[in-house]
Amino acid sequence: MDSVPYTEQHNTLTMNVDTGSVENIVDLLHECNLQVFNGYENHEGLSDEQFLNKLDRLVTLVREILQNEKGIIVISGCGTSGRIGFLASTFFNQLCIERNLPPKYRYIIAGGNSALVTSVEASEDDPVIGATELKKISESFEHVLFIGITCGVSAPFVGGQLEYCLDNLQKFTPVLIGFNPVSMARRIHVPKWPNGRTFYDIALRMEKTSEAIVLNPIIGPEPISGSSRMKGGTATKIILDTIFYLASTNNSIKTRDVIEEFKTTIDRMKTERMKLATVVQQAGDCLLNDSYIRYVGSSTFGVWGMIDASECVPTYNSSYNDIRGFMANDYFKKNLNPEPVNSFVSPALHESTPDDLWKIFENLPSSSLIIFIDTEYDSQKSLIDKLQKKKHRIVWIKLLSAKSLEPNSNVQIIDFSTSITSSDMTVQYCLAEIVLKLCLNTISTGAHILKGKVYQNIMIDVRVSNIKLFYRAIDIIKLLSGVDYQTAEKCLIQSIHQTDNELNKQTIEQHITAVASNKDHIVPIALLMCLSNCSYTQATHQIDKCPRIRDICTNTNRSST
Ligand code: F6P
């Protein structure tokens, strides 16, 4: 079957998201968020009865493991999928500890702990390391419920782990979470997978194995095509929270009811749409004027800030400095997997006190945007005062517990606190997190749309940092320029290697490695080469005249008609 996987298709709702007003961006992203529940075209989304039955089966399995002394639950994924797994595992372990139960959840993320806060995309392509990590983490246990998340049903890292589980069913129960039918699982071979196996082979095997579970509701294309951190990430979080919460409670609450709570809470977010639109506009202005966006938060709220920031690098080829998250407490220190002493530890994993933050923020470019996430106002007040003296813009996202602000503080408040209500504290916290996730996704996606990093609903400056993104880049170039596959690939490779010469002998891995030292608009330059039928050198000269990358598409289209 050749059709394009849902997760890579173009969402009909957002085809013109790049040309509307900022309020329109906020509204369209909101509507897409609801597609996760309501479904897309003839698909039913998370409210589908059959899917809910599968969730119930999983709740039973998680419950059994929680009661089994020799059992653990391992959650694994790449990029945002791995980060959401980390958050779920640490949050529900905390719940176990509060109830005097052993912490049963473990996480694995491709690329290790640093990948929790920075983009380490290439690790996604290694099924062997994936399996080795799973073996290591589960060594001393007899029963392992393994949950592998890959929104696109594509990541070889997760594929290798599922394969290892399928080969050892006496110990492992494998679960695959993704958002494409098995027939659309990725069939591209990666060199590190022996005997030409692909994710499709593993997904098919999963489907045919009665002990295995495939959870793959069809939630429809992403608002920005391929940006699986958005709907994919949202659905992943809701699925994990729902299962783990229900497995840990004795209440007779139904799966459907929990899912419904997520849906109504997300729907209520529209009450803050105008305030959110103002902040999206400011965030867009920041990126256009070389100012920066910063998130500050504690515990899992802080992690969500970092997750949102880290995804902008591969998705929009933004610089590490454009959007960054900071952690205001020592959440990571308490929750990270142990790693070998000499492994790299990203500085972003450290706690930042208000004094540390001031040292870092003191020299921010003027009119930067600092977004505080529901943290203690009193402890940040003097930092905020100093930032305001420097004329930076301050935003406060109010979710649950933050104290009211002083009336004269000039801080813009986006207040979701009245929308986040549940009779259960655990659910309420999970609801606050999803609201936060969607709020930050809207800000960073909207800002990049305003910066011109999106044409129609396509990420036209994607960073080609793994095999999946290499092929996505070729598809984008083909689609927008109308050239054939060979021409798109040739131009992409020349752009990666910054040369006018044709390179025929190098492998995809060598191309991806070369991307690390050339971060400059690789896809836009290749696109321009195809659109204008010009050389790499000529395209680089032209690109300098385009302040907004999307103008390449509009200008070139206009001049050729
Ligand atoms: O390779 C980049 C990326 O698409 C991230 O943006 C995403 O979070 C990650 O890969 C994982 O994707 P998936 O969940 O489809 O495996």
Side-chain angles (χ1 to χ4, degrees), residues 17-26 29 119 224 227 274-296 305-306 308-326 357-373 383-397 410-414 439-455 459-463 519-525 528 540 542-555:
V17 72
D18 60 329
T19 52
S21 65
V22 67
E23 290 83 10
N24 190 243
I25 294 175
V26 171
L29 296 185
S119 143
I224 305 301
S227 182
M274 290 310 288
K275 286 192 206 154
L276 192 49
T278 307
V279 175
V280 170
Q281 183 65 60
Q282 292 170 351
D285 292 345
C286 273
L287 296 186
L288 276 168
N289 299 317
D290 299 322
S291 300
Y292 296 152
I293 300 164
R294 297 289 177 259
Y295 301 135
V296 179
M306 293 177 142
D308 186 81
S310 64
E311 273 292 339
C312 296
V313 174
T315 314
Y316 300 110
N317 193 25
S318 71
S319 96
Y320 173 64
N321 251 328
D322 284 350
I323 307 190
R324 282 177 64 185
F326 291 85
L357 289 172
W358 174 242
K359 276 186 213 136
I360 302 166
F361 294 170
E362 200 174 1
N363 296 316
L364 282 175
S366 61
S367 300
S368 287
L369 180 66
I370 298 102
I371 301 181
F372 289 86
I373 306 166
L383 172 65
I384 291 179
D385 290 345
K386 286 191 267 186
L387 290 168
Q388 283 185 323
K389 274 196 196 110
K390 289 230 167 194
K391 303 266 181 283
H392 297 305
R393 299 185 185 110
I394 311 293
V395 174
W396 195 275
I397 300 176
N410 274 334
V411 170
Q412 306 173 70
I413 305 173
I414 310 182
C439 171
L440 299 182
N441 285 174
T442 303
I443 294 171
S444 58
T445 304
H448 282 96
I449 294 173
L450 295 174
K451 185 171 181 183
K453 291 286 190 145
V454 172
Y455 178 67
M459 47 170 94
I460 44 174
D461 199 3
V462 58
R463 187 171 290 179
K519 298 183 169 68
D520 254 3
H521 304 321
I522 289 171
V523 176
I525 291 173
L528 200 48
T540 50
Q542 279 192 49
I543 212 136
D544 293 337
K545 295 180 208 143
C546 271
R548 292 189 348 136
I549 293 300
R550 73 175 290 285
D551 296 344
I552 293 170
C553 306
T554 46
N555 294 346

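Index from 1, following the sequence. Computation of the quantities below employed the complete heavy-atom set of this structure, encompassing side-chain atoms and omitting hydrogens, waters and symmetry-equivalent molecules.
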[X] side chain near [Y] side chain, heavy-atom distance below 4.5 Å:
X	Y	value
V279	Q412	yes
T554	Y455	yes
I224	V17	yes
D520	T540	no
I543	P524	yes
Y316	L287	no
S227	T315	yes
W396	I384	yes

Determine the minimum heavy-atom distance between [X] and [Y], stating which atoms define it.
X	Y	value
L276	C439	CD1-SG, 3.8 Å
S318	H448	CB-NE2, 3.5 Å
S366	S291	O-OG, 2.7 Å
N410	Q388	O-NE2, 3.2 Å
D18	V454	CB-O, 3.6 Å
S367	H392	N-ND1, 3.6 Å

Tell me, with the steps shown, if V523 and I460 meet side chain to side chain contact (heavy atoms under 4.5 Å, CB included).
CA-CA 7 Å; V523 176; I460 44 174; 5.6 Å; no
Can you tell me how far the [atom1] atom of [X] sits from the [atom2] atom of [Y], to the nearest 0.5 Å?
X	Y	atom1	atom2	result
L29	N441	CG	CG	8.5 Å
I394	I370	CD1	CD1	4.5 Å
L383	L357	CG	CG	6.0 Å
L440	M306	CG	CE	12.5 Å
L387	L364	CG	CG	7.0 Å
D285	R393	CG	CZ	5.5 Å

How are the rings of F326 and F361 set to each other: parallel, tilted or perpendicular (split at 30° and 60°)?
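It falls in the perpendicular class, over 60°.
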Applying side chain to side chain contact (heavy atoms under 4.5 Å, CB included) to I413 and K275, what does each step give before you reach the verdict?
CA-CA 8 Å; I413 305 173; K275 286 192 206 154; 5.5 Å; no
Side-chain donor/acceptor of [X] to backbone N/O of [Y], under 3.5 Å:
X	Y	value
Q282	L369	no
R548	L450	yes
S119	S310	no
N317	R463	no
S444	D308	no

For K453, enumerate each residue passing the salt bridge (charged side-chain N to carboxylate O under 4.0 Å, His left out) test, keeping only those at least two apart in sequence or located in another chain.
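Salt bridge (charged side-chain N to carboxylate O under 4.0 Å, His left out) check on K453 returns D461.
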List the steps, then state whether side chain to side chain contact (heavy atoms under 4.5 Å, CB included) holds for V395 with I443.
CA-CA 12 Å; V395 174; I443 294 171; 5.9 Å; no
Show the numbers, then the answer: is there a side chain to side chain contact (heavy atoms under 4.5 Å, CB included) between I323 and Y295?
CA-CA 8 Å; I323 307 190; Y295 301 135; 3.7 Å; yes
Side chain to side chain donor-acceptor pair (under 3.5 Å) evaluation trace for R294 with N321:
CA-CA 9 Å; R294 297 289 177 259; N321 251 328; 3.1 Å; yes
